[in-house]
**Q** 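This is the structure I have questions about; it appears just below.
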Amino acid sequence: MLPHRILEERLRAAVIHCIPDAEVDQIVVRSCPDVRFGDYQSTSLMALAKPRKINPRKLAEDVIRALDVPEWIESSEVAGPGFLNFRIGPEVICRTLESAIRGEHLFFETTKNPRTFVVDFSSPNVAKPMHVGHIRSTILGDSLARTLRILGHTVITDNHIGDWGTQFGKLLLGWKSGLDLQALRTDALGELERLYKQTNSRCDAEPALLEGARAELVKLQDGDPENLGIWQEMLELSRSQFDSIYQRLGVRFDHTLGESFYNSRLKPIVAEMKDRSLARVSEGAMVVFFDDHPELKAHPALVQKSDGAANYTTTDLATLQYRLETWHPDEVVYVTDGRQQLHFKQLFEIFRRWKSGSPVKLAHVWFGAILGEDGKPFKTRSGDTVKLADLLDEAEARALRMVAEKNSDLTDAEQKEVARMVGLGAVKYADLAPNRQSDYVFSWDKMLALNGNTAPYLQYAHARIRSIFRKQNLPDDLGVPPQGLSLSTPEEFALCKTLLNFGLVLEAVVSDYRPNYLCNYLYDLAGAFAQFYERCPVLKAEEPERSNRLAVCQLTGRVLKCGLELLGIESPERM
RNA sequence: GCGUCGGUAGCUCAAUUGGAUAGAGUUCCUGACUUCGAAUCAGGCGGUUGGGGGUUCGAGUCCCUCCCGACGCACCA
């Protein structure tokens with residue numbers, strides 16, 4: 001077991017000894033924010049003491065007296081009003097590194113309580129090109145799914161694509177009247193988007209056309225073969241374009257069940273809402289009111305429009321119902337932008353009333369907007385939304401220019417491949433590194449910079465490590481140094497202690513659904529490595545130092561690569 | 001109007017159940033390359049965390065209030 005886990009376990013036991021009814025899950029050990037205090041600390045006792053009105057300092061002293069201190073703890077002390085600080089000895093650090101070298105772990109452990117998660121993300125709309133607005137959901141959701149999986153949870157990813165709804169009336173009308181077959185062949189989604197925009201503006205000008213669009217929609221919903229056929233074709237065209245984007249991004253879904261998949265469930269749900277008086281008719285629509293809910297009191301939710309059609313709240317309820325029946329998740333995570341907060345509050349509240357016994361946890365993981373450098377929503381120069389495919393192309397092109405300039409040893413094909421990894425990595429990292437809830441400013445120069453908290457900087461650190469091994473044709477797995485691993489310099493210790501924290505960080509990522517913790521950690525790790533690299537020669541060092549340092553490099557490289565992989569970012573061997 | 005979320009160094013951003021002296025990058029200044037990759041590293045300048053009040057041993061974080069901004073507020077999703 002990893003040191004912090006053992007410490008945490010023993011600390012919990014000691015707390016239970018002092019306070020039998022304490023909430024042990026709240027007792028946590030984390031790395032010290034300042035090395036002067038120690039390596040690990042716990043602030044949990046102060047939080048525990050407060051509601052119980054006991055002196056936190058005294059509680060800390062009692063707990064530390066009851067603590068079965070692991071033999072590898074060098075010092076454990078109470079500080080200030082009740083901090084517990086622990087310092088670990090070099091032995092346990094080295095033994096932990098050795099077990100990592102042997103492949104027993106990579107500084108994290110899988111969870112003791114595996115849970116099943118459904119992660120709902122990306123969700124593009126059929127007949128619209130994926131644009132920059134989809135990237136954050138896609139990247140965040142993918143990274144969370146990867147991190148949950150590596151920690152041993154069961155994860156089902158489901159792309160809830162928008163393949164049904166009122167936009168298809170206009171699309172059908174446009175398809176029948178103004179389809180450009182040539183354009184459809186070269187850029188299907190672009191052509192569909194053009195048809196939609198064209199019909200939309202024509203409808204604004206001619207109300208009679210709007211009736212036509214509605215009629216097409218009704219025919220589709222009634223199962224008209226021609227309209228269904230066209231709809232199916234639009235769906236397939238869209239899917240193949242989505243797939244090419246996902247392939248580029250390295251994102252995969254276990255399921256892609258669009259809104260239309262749930263059509264048959266809608267009417268029964270509305271009926272049940274009505275029968276159980278969860279919803280009632282208001283202004284011709286079927287509406288759920290939240291009179292006893294202060295926050296939602298002023299925001300009733302429609303489950304059926306006055307024209308009899310269900311809307312997205314109903315579809316989301318049906319989707320949730322299906323997911324619970326099919327996969328029995330412990331938790332369903334929705335990754336969408338922050339503008340949908342009200343919708344999900346309503347949805348979750350309706351669900352609680354509808355399935356009052358369900359233990360499932362529902363989480364809305366929302367994120368802010370991507371802004372242009374002018375602080376306004378990110379658009380092209382002409383004011384259009386930025387298509388995702390174009391964005392990725394530009395990222396690769398810009399990265400290629402940098403790679404060509406910096407490393408001319410690589411062949412053209414190698415440069416292109418490295419540029420692909422660096423460009424896509426930069427875009428993804430720029431999305432993941434800021435706190436997801438804040439808006440962030442999209443800047444090519446910042447995300448592709450080789451200094452600062454960027455993907456290229458982390459990839460560079462990895463490439464430097466790989467370069468050491470390549471230089472002397474050393475194998476990827478050197479094994480534990482014959483005389484056992486030992487460390488001597490402050491830089492070695494600082495780097496290795498950072499390695500030990502990888503697992504703590506991964507746990508924080510999944511508990512708060514925030515991959516940016518991992519970004520910050522990897523940046524720290526790369527920084528610690530850079531300092532080590534400056535001050536501690538590896539290949540030039542004498543044995544046994546040389547073997548020790550090679551081992552440290554190897555583990556650092558592995559953690560960097562693994563961490564980047566959890567962010568969906570590749571690590572080139574050279575760049 | 002009501003609600004949600006923001007406001008942290010000139011700029012772009014961090015800061016893990018409230019935790020210890022609020023950290024990075026960038027800009028500007030200074031230093032380190034006969035290099036295990038300088039695509040790097042070290043040092044310096046830079047702060048009343050929007051204003052004010054409160055709770056607390058302790059507040060960027062919680063509560064109240066005001067200012068500024070983004071977004072949302074029943075028949076789009």
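So you know, we letter chains A, B, ... as the sequences are listed, proteins then strands, and number each from 1. Because the structure is predicted, anything quoted here is derived from the model rather than measured.
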**Q** Just to be sure I understand the rule, does Thr315(A) reach a base, reach only the sugar-phosphate, or reach nothing, if contact means heavy atoms closer than 4.0 Å?
**A** nothing

**Q** With a 4.0 Å heavy-atom cut-off, tell me which residues in residues 49-60 of chain A come close to RNA chain B, sorted by residue number.
**A** Lys50(A)

**Q** Among residues at least two apart in sequence or on other chains, which ones pass side chain to side chain contact (heavy atoms under 4.5 Å, CB included) with Asn473(A)?
**A** none

**Q** Can you tell me how far P in C33(B) sits from the matching atom in A38(B), rounded to whole Å?
**A** 12 Å

**Q** Taking the P atom of each, how far is G52(B) from U27(B), in whole Å?
**A** 33 Å

**Q** Using the P atom as the point on both nucleotides, what is the distance between A39(B) and U34(B), in whole Å?
**A** 14 Å

**Q** Considering every strand and a 4.0 Å limit on heavy-atom distances, what is the contact class for Glu534(A): base, sugar-phosphate, or nothing?
**A** base

**Q** Just checking Asp524(A): base, sugar-phosphate only, or nothing, at a heavy-atom cut-off of under 4.0 Å?
**A** nothing

**Q** What does Val505(A) touch in the nucleic acid at a heavy-atom separation under 4.0 angstrom: a base, only the sugar-phosphate, or nothing?
**A** nothing

**Q** Looking at every strand, decide which applies to Ala309(A) at a 4.0 Å heavy-atom threshold: base, sugar-phosphate, or nothing.
**A** nothing

**Q** Would you confirm whether Gln459(A), through its side chain, and Glu570(A), through its main-chain N or O, come within 3.5 Å as a donor-acceptor pair?
**A** yes

**Q** If you look at every strand shown and take non-hydrogen atoms under 4.0 Å, does Leu342(A) touch a base, only sugar-phosphate, or nothing?
**A** sugar-phosphate

**Q** Both Phe532(A) and Asn520(A) contact RNA chain B. Which one's nearest nucleotide lies toward the 5' end?
**A** Asn520(A)

**Q** If you pin Arg36(A) and Arg436(A) to their nearest nucleotides in RNA chain B, which one's is more 5'?
**A** Arg436(A)

**Q** Evaluate the side-chain proximity of Asp524(A) to Asn520(A): yes if any heavy-atom separation is below 4.5 Å, no if none is.
**A** no

**Q** Using a 4.0 Å heavy-atom cut-off, does Asp316(A) contact any base of the nucleic acid, only the sugar-phosphate backbone, or nothing at all?
**A** nothing

**Q** Please classify the nucleic acid contact of Tyr523(A) as base, sugar-phosphate, or nothing, using heavy-atom distances under 4.0 Å.
**A** sugar-phosphate

**Q** Is the closest side-chain donor-acceptor distance between Glu545(A) and Ser488(A) under 3.5 Å?
**A** yes

**Q** Run the side chain to side chain contact (heavy atoms under 4.5 Å, CB included) test against Arg546(A) and tell me which residues pass, sequence neighbours left out.
**A** Gln472(A), Leu539(A), Ala541(A), Glu543(A), Leu550(A)

**Q** Touch check for Ser443(A), heavy atoms < 4.0 angstrom, all strands: base, sugar-phosphate only, or nothing?
**A** nothing

**Q** Classify Pro537(A) by what it touches in the nucleic acid, base, sugar-phosphate, or nothing, heavy-atom distance under 4.0 Å.
**A** base

**Q** Can you tell me which residue pairs pass the side chain to side chain donor-acceptor pair (under 3.5 Å) test with a partner in residues 48-62 of chain A, sequence neighbours excluded?
**A** Asp21(A)-Arg52(A), Arg57(A)-Glu61(A), Lys58(A)-Asp62(A), Asp62(A)-Arg65(A)

**Q** Please check if the distance between the ring centroids of Tyr312(A) and His343(A) is under 6.0 Å.
**A** yes

**Q** Roughly how far apart, to the nearest Å, are C2(B) and C66(B) at atom P?
**A** 9 Å

**Q** Using atom C1' in both nucleotides, what's the gap between U49(B) and U21(B) to the nearest angstrom?
**A** 15 Å

**Q** Scan the side chains in residues 120-127 of chain A for donor-acceptor partners under 3.5 Å anywhere in the protein, sequence neighbours excluded, and list what turns up.
**A**
| residue | atom | partner | partner atom | Å |
| --- | --- | --- | --- | --- |
| Asp120(A) | OD1 | Ser123(A) | OG | 3.4 |
| Asp120(A) | OD2 | Arg323(A) | NH1 | 3.0 |
| Asp120(A) | OD2 | Arg323(A) | NH2 | 2.8 |
| Ser122(A) | OG | Thr138(A) | OG1 | 2.8 |
| Ser122(A) | OG | Tyr246(A) | OH | 2.6 |

**Q** Are Arg265(A) and Tyr262(A) in a cation-pi contact, defined as NZ or CZ under 6.0 Å from the six-membered ring centre and within 45° of the axis?
**A** no

**Q** Which ranges of RNA chain B pair up as stems, where a stem means three or more consecutive Watson-Crick or G-U pairs with both distances under 3.5 Å?
**A** B:1-7 with B:67-73, B:10-13 with B:23-26, B:28-32 with B:40-44, B:50-54 with B:62-66

**Q** I'd like to know if Arg353(A) and Glu349(A) make a salt bridge, using a cut-off of under 4.0 Å between side-chain N and carboxylate O.
**A** yes

**Q** Using a heavy-atom cut-off of 4.0 Å across all strands, would you classify Glu283(A) as base, sugar-phosphate, or nothing?
**A** base

**Q** Under 3.5 Å, which donor-acceptor pairs link side chains of residues 128-135 of chain A to any protein atom two or more places apart or in another chain?
**A**
| residue | atom | partner | partner atom | Å |
| --- | --- | --- | --- | --- |
| His131(A) | ND1 | Gly133(A) | N | 2.9 |
| His134(A) | ND1 | His131(A) | N | 3.0 |

**Q** Rounded to whole angstrom, note down the P distance from U61(B) over to A9(B).
**A** 15 Å

**Q** If you walk 5' to 3' along RNA chain B, what is the first nucleotide with an atom under 4.0 Å of a heavy atom in chain A, and what is the last?
**A** U4(B) to A77(B)

**Q** Are the charged groups of Glu396(A) and Arg420(A) less than 4.0 angstrom apart, N to O?
**A** no

**Q** With sequence neighbours excluded, give me every ring-ring contact (aromatic ring centres under 6.0 Å, His included) pair touching residues 434-461 of chain A.
**A** Phe378(A)-Phe442(A), Phe442(A)-Trp444(A), Tyr457(A)-Tyr523(A)

**Q** Checking Leu210(A) now: which residues fulfil side chain to side chain contact (heavy atoms under 4.5 Å, CB included) with it, not counting sequence neighbours?
**A** Lys170(A), Cys203(A), Arg214(A)

**Q** So which of residues 449-461 of chain A are in contact with RNA chain B, with a heavy-atom cut-off of under 4.0 Å?
**A** Leu450(A), Asn451(A), Gly452(A), Tyr457(A), Tyr460(A)

**Q** How is Gln472(A) classified with respect to the nucleic acid when contacts are heavy atoms under 4.0 Å: base, sugar-phosphate, or nothing?
**A** nothing

**Q** Cation-pi check, Arg464(A) to Tyr533(A): give yes when NZ or CZ is under 6.0 Å from the six-membered ring centre and within 45° of the ring axis, no otherwise.
**A** yes

**Q** Just to be sure I understand the rule, does Arg535(A) reach a base, reach only the sugar-phosphate, or reach nothing, if contact means heavy atoms closer than 4.0 Å?
**A** nothing

**Q** My understanding is that only residues two or more places apart in sequence, or in another chain, count here; which of them pass side chain to side chain contact (heavy atoms under 4.5 Å, CB included) with Asn501(A)?
**A** Ser31(A), Tyr40(A), Leu504(A), Tyr521(A)

**Q** Using atom P of each nucleotide, how far apart are G7(B) and U16(B) to the nearest Å?
**A** 13 Å

**Q** Counting any heavy atom closer than 4.0 Å, what does Asn311(A) reach on the DNA or RNA strands: base, sugar-phosphate only, or nothing?
**A** sugar-phosphate

